[in-house]
Peer 1: 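My structure is below; once you've seen it, I'll send some questions.
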Amino acid sequence: MNKEIVISATDLVKAYRRGSEEVRAVDGISFEAGPGELTAIIGPSGSGKTTLLNMIGCLDNPTSGTLRVGGAQIFGGRRELSETELTRIRREMFGYVFQKFYLIPTLTVEENIMLPGAFYRSPAAKSPHEVMRLLGIERRARHLPGELSGGEMQRVAIARALINGPKVVLADEPTGSLDSRRTGEIKEILRDLSGQGITVVMVTHNLELARSADRVLEIRDGKIHG
Ligand SMILES: Nc1ncnc2c1ncn2[C@@H]1O[C@H](COP(=O)(O)OP(=O)(O)O)[C@@H](O)[C@H]1O
Ligand SMILES: [Mg+2]
C-alpha cells in the first residue's frame, strides 16, 4: 500500500560559514510524516532542531537535500519554486507555533487570531469562533494578551496557527515558557490536532511532551542519533 506522506525530507543539510570554517547546523537528516502523525524533535541546545523545523516549514531553504510537502516538491527539485508559490504553501499548508507566542499586545485575542486570515484566506480557512471554541478560549475573545495567563497565550497562538486550516502544525518549544500543568494542556491540544488528521512536528525539551509523540527524532550535532 502506498502510505500517504505529508512531509518527506531527504538528506537535508543547512550549512553556515563561520569565518573560514563551515558549520553544518543540520547535517543530512531524512524523515517522513503522514497525516495525523505527531513527531517530537529532541536534542541538546544548538543541535539543529530549530534549523530543521524552519526548513520543514519552508521558512528557511536547505543548502542541499530535498523536501516534499503534501506531494509537492519544495526544495531540491528540478525547478525552483518562486517566492509567490512558497508563500502560498506556507499559508495553506502550515500553522506555526513558537515558544514566545508572538501575540500583538494592542490587539484582542480574536483580532490576533484573525490576523493571518486578514492577509490571506485559504480555501480551508476556519472562523475565529471555530478555532477559539476548539482551544477553549471563546470567553477571552475580547481580552488583550496582557490579561491572559501563559497557557492561555499559547492557546491563542495555536488558534491563530489553525485559522487557515493547515495540514501541518509546527511548534518550536511550545511549552518552553509554561509550567507543568499548562504543558499538560498543550500536550492534550497537540494530540487532539493530530487526532483530527493534522501532522504535528514539535521541538521540545519536555519529556512528557516527547513521550506523547508517535515518533521521537533525537538530534545531536545536526544528525539523527541512534
Ligand atoms: N543564521 C545562522 N548563522 C550561523 N549559524 C547559525 C545560524 N542559525 C543557527 N546557527 C547555528 O546552527 C546550530 C544549530 O542551531 P539551532 O537550529 O538554533 O539549534 P537548536 O534549535 O537545536 O538549539 C547552532 O550551532 C547555531 O549557532
Ligand atoms: Mg531552537
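Remember, it's 1-based here, ligands and their atoms both numbered in the order they're listed. Note that this is a predicted model, so its numbers are computed, not measured.
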Peer 1: Taking all heavy atoms of Arg90 and all of Cys58, pick out the closest pair and write down the distance.
Peer 2: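 For Arg90 versus Cys58, the nearest heavy atoms are NE-O, 2.6 Å.
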Peer 1: Decide, counting backbone as well as side-chain atoms, whether Thr50 has an N, O or S atom less than 2.8 Å from the Mg ion (ligand 2).
Peer 2: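 Of the N, O and S atoms in Thr50, at least one lies under 2.8 Å from the Mg ion (ligand 2), which means yes.
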Peer 1: Begin from the C-alpha positions of Arg220 and Glu218 and carry the test salt bridge (charged side-chain N to carboxylate O under 4.0 Å, His left out) through to its verdict.
Peer 2: CA-CA 7 Å; Arg220 301 239 185 117; Glu218 187 180 350; 2.9 Å; yes
Peer 1: Distance to 0.1 Å, residue and atom name: give those for the protein heavy atom nearest to atom 18 (O) of ligand 1.
Peer 2: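 Here the nearest protein heavy atom works out to Thr50 CB, 3.8 Å.
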Peer 1: At less than 4.0 angstrom from any non-hydrogen atom of Ala25, what atoms of ligand 1 do you find?
Peer 2: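 Near Ala25, the atoms of ligand 1 are 12 (O), 13 (C), 14 (C).
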Peer 1: Closer than 4.0 Å to some heavy atom of Thr51 - which atoms of ligand 1 meet that?
Peer 2: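 Listed by number with element, the hits are 15 (O), 16 (P), 17 (O).
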Peer 1: Using a 4.5 Å cut-off on heavy atoms from C-beta on, say whether the side chain of Ile56 contacts that of Ile7.
Peer 2: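 Ile7 reaches Ile56 side chain to side chain.
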Peer 1: So, does Arg18 sit close enough to ligand 1 that a heavy atom of it is under 4.0 Å from the ligand?
Peer 2: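 Yes.
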Peer 1: Among all protein non-hydrogen atoms, which one is nearest to atom 3 (N) of ligand 1, and what is the separation to 0.1 Å?
Peer 2: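 The protein heavy atom lying closest is Tyr16 CD2, 3.3 Å.
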Peer 1: Please check if atom CZ in Arg142 has more than 12 non-hydrogen atoms from other residues, nucleotides or ligands closer than 6.0 Å.
Peer 2: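 For Arg142, atom CZ is not crowded (no more than 12 foreign heavy atoms under 6.0 Å).
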Peer 1: When you measure from atom 14 (C) of ligand 1 to each heavy atom in Ser45, Pro44, Gly46, which option holds the nearest one?
Peer 2: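 It is Gly46 whose heavy atom sits nearest to atom 14 (C) of ligand 1.
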Peer 1: Of all the non-hydrogen atoms in the protein, which one sits nearest to atom 22 (O) of ligand 1, and at what distance?
Peer 2: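 Here the closest protein heavy atom is Lys49 NZ, 2.8 Å.
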Peer 1: Could you check whether any side-chain N or O of Ser30 sits under 3.5 Å from a backbone N or O of Asp11, counting only pairs where one atom can act as donor and the other as acceptor?
Peer 2: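 Yes; at least one donor-acceptor contact below 3.5 Å.
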Peer 1: Looking only at N/O atoms, are Gly48 and ligand 1 under 3.5 Å apart anywhere?
Peer 2: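 Yes, there is a polar N/O contact under 3.5 Å.
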Peer 1: Check whether Ser194 reaches the backbone of Gly36 with its side chain - one donor and one acceptor, N or O, closer than 3.5 Å.
Peer 2: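 Between the backbone of Gly36 and the side chain of Ser194 there is a qualifying donor-acceptor contact (under 3.5 Å).
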Peer 1: Taking the inter-plane angle between the rings of Tyr102 and Phe98 on a 0 to 90° scale, is it parallel (under 30°), tilted (30 to 60°) or perpendicular (over 60°)?
Peer 2: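 If you compare the ring of Tyr102 with that of Phe98, the planes turn out perpendicular.
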